[in-house]
Number of protein chains: 2
Amino acid sequence: MNIRDLEYIKSVSKHLHFGEAALACNVSQPALSSQIKKLETELGVTLFERDNRSVRVTDAGRDIIALADDALSVIGNIYSAAETARDPLSGEFRLGTIPTIAPYLFPNFVTQSRAALPSLKLQFREDITDRLNDSLLSGDLDAAILATPPESSKLDVIELYDEPFWVIFPEHHDLQSFKRVRTKDLPTDELLLLAEGHCFRDQAMDVCRLDSSNETYTVRATSLETLINMVAARQGVTLVPAMALNPRRISGSGVDTQKLNDKSAYRRIYLTYRKSFPRQALLQKMADVFCEGLPETVKRIRG
Amino acid sequence: MNIRDLEYIKSVSKHLHFGEAALACNVSQPALSSQIKKLETELGVTLFERDNRSVRVTDAGRDIIALADDALSVIGNIYSAAETARDPLSGEFRLGTIPTIAPYLFPNFVTQSRAALPSLKLQFREDITDRLNDSLLSGDLDAAILATPPESSKLDVIELYDEPFWVIFPEHHDLQSFKRVRTKDLPTDELLLLAEGHCFRDQAMDVCRLDSSNETYTVRATSLETLINMVAARQGVTLVPAMALNPRRISGSGVDTQKLNDKSAYRRIYLTYRKSFPRQALLQKMADVFCEGLPETVKRIRG
DNA sequence: AATAATGATAAGCATTACTTATGAATATAA
DNA sequence: TTATATTCATAAGTAATGCTTATCATTATT
């Protein structure tokens, strides 16, 4: 059986005339006749009683044509569903982000994506890089915003922006006297770091040329907010990525900030996704929306 | 799009593996792959996100495969309906009969057809030959039991039985003295006839070598019962076909009967149908059932 | 008797779908 | 690291299916 056959019998039952039915189906009358005959043979049922002058629908034909109508209607729904789904900017989208980005990027992004991607249903998840990468590979996430390029060759990225690192230190700390702070000026023994697994921990250690053997502090914060609060409590100094600097929160909280003055003291932020992800256009659009709302403190790569 | 394509995507969504899905569909993996790719192109939607190691159903794919399941289910119903309809002995059947047969043939026939054709839904209609023939040609009837062969070349017949004519006359009528009554013995001026349009009127006149100019009586009965009752009331004599003789009704009703002793004094009864009627096997079976219950007074042609 | 209408049939061509063989990419095992 | 296996995609050739035009057979209509 064939979907076109169903259209043929529907057309014949409507016109009760093979020639006109064929015309309506944009085929020749012999084509339609032979297809119907073949279908009747396949079903073992005569659908139309016909002689050289008239066409009648048989009892069995009536039942079967009613079902054919149903089937064609469902098949029409398939095309409709496809048409709806064809817009890559619509549907569900599961986005993951690391904890050192999510709180600073998402508030703006949610607002802007509502305007730019109104028919997109966004779901967010916050987790560390490794688990986000696993989820990407398994298909549990569609994309993630990460600060490290992917290791798997199945993943690809859109580069979003470079985010400088800033020092946060208590008011009246020695660092306050520096006009320009560089990593070599940092008191590494006072450095407060995130817990293991957080990529920014590695990035901070990296920029300060520390390795795990150098660790002096046993603080294992899981958020930059915690680190900043600890600095305010004069527990040490820390680094944060630029986006974590909220001027209103910093001012009057007992901490001071300076941008790290090294060329390499930044991290690159990527939108990571499976190469096989079908809605690539959405990824591009989404990257645009991300970059739209970026503050002056970061250096956008796109647009 | 193609029904087989729907089966392919259903299979892939079940196995999440093109090779196994192809195996389940009894096609080679490249065949299945290329058909799915073509369908995706036609719909403009990626149904499966796949790389060299894994297959995932996309959001749009999920919706569309659900609809494909629906469509396949309806199409399954088409095959089921065909299987049910394939039995030519089932379904509706519209049978027409003339008034000089219906009352005598149907009671038995209904009983016997219930046993022999249990899944047949019979609808009866009683009318005169011309209108039954029209209904046959227009498809309003599937068959008719008639006493005249059809004129249209679109109709065909199964011969059922030959039905002799009998004379009915009042007790103590002159005819009572005949051992064997022949048509030439009939008092044609006393002959009571059915209304015009009834074929038995013509047959009776024919056998008596009368034509419309010979009419003396203006009686226009529409049933044989009326004629018999008129004979009982000594209004004249009449002819009836053999099946109209119900011994229990005749005895003691003031009439007497004799079989007409002419070779040509009978009529042949046909099951008439369109040549194009698809359930020919049903017609044969039905003819058998008719002949089963015939009384000894008629001469069956079949079986 | 001639003409028109209508579905069936025939022959040949175009399209479609399938098969087998092979490729490319990537896991897994040695 | 290198070899092997897995898996989907691609290629080339073939089989099948469906279509077109031309024609036939039958039956109304003029």
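Proteins get letters first, then strands, A, B, ... in listed order; numbering begins at 1 in each.
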**Student:** Once you round it to whole Å, what is the distance between C1' of D:dT27 and CG of B:L155?
**Tutor:**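 Between C1' of D:dT27 and CG of B:L155: 14 Å.
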
**Student:** Quick check on contacts: within residues 131-142 of chain B, what sits under 4.0 Å from DNA chain D by heavy-atom distance?
**Tutor:**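 The answer is none.
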
**Student:** May I ask you to decide if the ring planes of B:F109 and B:F290 are parallel, tilted or perpendicular, using 30° and 60° as cut-offs?
**Tutor:**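 Parallel: the ring planes of B:F109 and B:F290 meet at under 30°.
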
**Student:** Examine the base of D:dT6 for any acceptor or donor lying under 3.5 Å from a partner atom in the side chain of B:R53, and report the outcome as yes or no.
**Tutor:**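 Answer yes: a donor N or O sits under 3.5 Å from an acceptor.
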
**Student:** For the pair made of CD in B:Q35 and P in D:dT17, what is the distance, rounded to whole Å?
**Tutor:**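 Interatomic distance, CD of B:Q35 to P of D:dT17: 13 Å.
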
**Student:** Contact class for B:F48 vs. all strands (heavy atom < 4.0 Å): base, sugar-phosphate, or nothing?
**Tutor:**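 Result for B:F48 = nothing.
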
**Student:** Both B:D5 and A:P30 contact DNA chain C. Which one's nearest nucleotide lies toward the 5' end?
**Tutor:**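 Comparing both residues, the 5'-ward one is A:P30.
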
**Student:** Quick one: is B:H17 getting a side-chain N or O under 4.0 Å of the D:dC8 phosphate, OP1 or OP2?
**Tutor:**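 Yes.
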
**Student:** Taking atom NZ as the centre, does A:K37 end up with more than 12 heavy-atom neighbours from other residues, nucleotides or ligands that are less than 6.0 angstrom away?
**Tutor:**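 Not more than 12 within 6.0 Å, no.
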
**Student:** Which is more 5' along DNA chain C, the nucleotide nearest A:G19 or the one nearest A:S152? Just name the residue.
**Tutor:**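 Going by which nucleotide is closer to the 5' end, it is A:G19.
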
**Student:** May I ask you to check whether B:E126 and B:T97 show a side-chain donor-acceptor distance below 3.5 Å?
**Tutor:**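 No, B:T97 and B:E126 have no side-chain donor paired with an acceptor closer than 3.5 Å.
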
**Student:** Could you tell me whether the side chains of B:Q203 and B:R267 share a donor-acceptor contact shorter than 3.5 Å?
**Tutor:**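 Looking only at side-chain atoms, B:R267 and B:Q203 do form a donor-acceptor pair, the distance falling under 3.5 Å.
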
**Student:** Starting from P on C:dG7, measure out to CD on A:E49 and report it in whole angstrom.
**Tutor:**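 Roughly 14 Å, once rounded to whole Å.
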
**Student:** Just to be sure I understand the rule, does B:S153 reach a base, reach only the sugar-phosphate, or reach nothing, if contact means heavy atoms closer than 4.0 Å?
**Tutor:**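 It contacts sugar-phosphate atoms only.
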
**Student:** Considering only C:dG7, C:dC18, D:dC19, which nucleotide approaches the side chain of B:R4 most closely?
**Tutor:**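 My answer, after comparing the listed nucleotides, is C:dC18.
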
**Student:** What nucleic acid atoms does A:Q29 come within less than 4.0 Å of, heavy atoms only: base, sugar-phosphate, or nothing?
**Tutor:**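 Contact class for A:Q29: base.
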
**Student:** In whole angstrom, what separates A:L32's CG from D:dT21's C1'?
**Tutor:**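 Answer to the nearest Å: 16 Å.
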
**Student:** Salt-bridge test for A:E40 and A:R50: reply yes if a basic N is under 4.0 Å from a carboxylate O, no otherwise.
**Tutor:**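 So A:E40 pairs with A:R50 through a salt bridge.
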
**Student:** Return the nearest nucleotide to the side chain of A:V27; candidates are C:dA27, C:dA8, D:dT20.
**Tutor:**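 So the side chain of A:V27 is nearest to D:dT20.
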
**Student:** Rounding to a whole Å, what distance do you find between A:K37:NZ and C:dA8:C1'?
**Tutor:**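 Between C1' of C:dA8 and NZ of A:K37: 7 Å.
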
**Student:** Could you tell me how far apart B:D51 (CG) and D:dT6 (C1') are, to the nearest whole angstrom?
**Tutor:**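 Interatomic distance, CG of B:D51 to C1' of D:dT6: 12 Å.
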
**Student:** Touch check for A:S28, heavy atoms < 4.0 angstrom, all strands: base, sugar-phosphate only, or nothing?
**Tutor:**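 Here A:S28 touches the bases of the nucleic acid.
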
**Student:** Please report the distance, rounded to the nearest Å, between CG in A:L47 and P in C:dG7.
**Tutor:**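 Rounding to the nearest Å, CG of A:L47 and P of C:dG7 are 15 Å apart.
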
**Student:** Please report the distance, rounded to the nearest Å, between CG in A:L23 and C1' in C:dT6.
**Tutor:**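 Going from CG in A:L23 over to C1' in C:dT6 covers 14 Å.
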
**Student:** With no hydrogens and no angle check, do the side chains of A:S11 and A:E7 hold a donor and an acceptor under 3.5 Å apart?
**Tutor:**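 There is no such pair (donor and acceptor under 3.5 Å, judged by atom type) between the side chains of A:S11 and A:E7.
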
**Student:** In terms of side-chain heavy atoms of B:V55, which of D:dC8, D:dA28, D:dT20 is nearest?
**Tutor:**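 Within the option list, the nearest is D:dC8.
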
**Student:** OP1 or OP2 of D:dA28 less than 4.0 angstrom from a side-chain nitrogen or oxygen of B:K154, does that happen here?
**Tutor:**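 Yes, B:K154 has a side-chain N/O under 4.0 Å of OP1/OP2 on D:dA28.
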
**Student:** How far does OG of A:S138 sit from CZ of A:R131, to the nearest 0.5 angstrom?
**Tutor:**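 Rounded to the nearest 0.5 Å, the OG-CZ separation comes to 13.0 Å.
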
**Student:** In a check of side chain to side chain contact (heavy atoms under 4.5 Å, CB included) between A:I78 and each of B:I65, B:I64, B:D70, which one passes?
**Tutor:**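 Between A:I78 and the candidates, side chain to side chain contact (heavy atoms under 4.5 Å, CB included) is satisfied uniquely by B:I64.
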
**Student:** Using a cut-off of less than 4.0 Å, is there contact between a side-chain N or O of A:S33 and OP1 or OP2 of C:dA8?
**Tutor:**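 It does, given that an N or O in the side chain of A:S33 lies less than 4.0 Å from OP1 or OP2 of C:dA8.
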
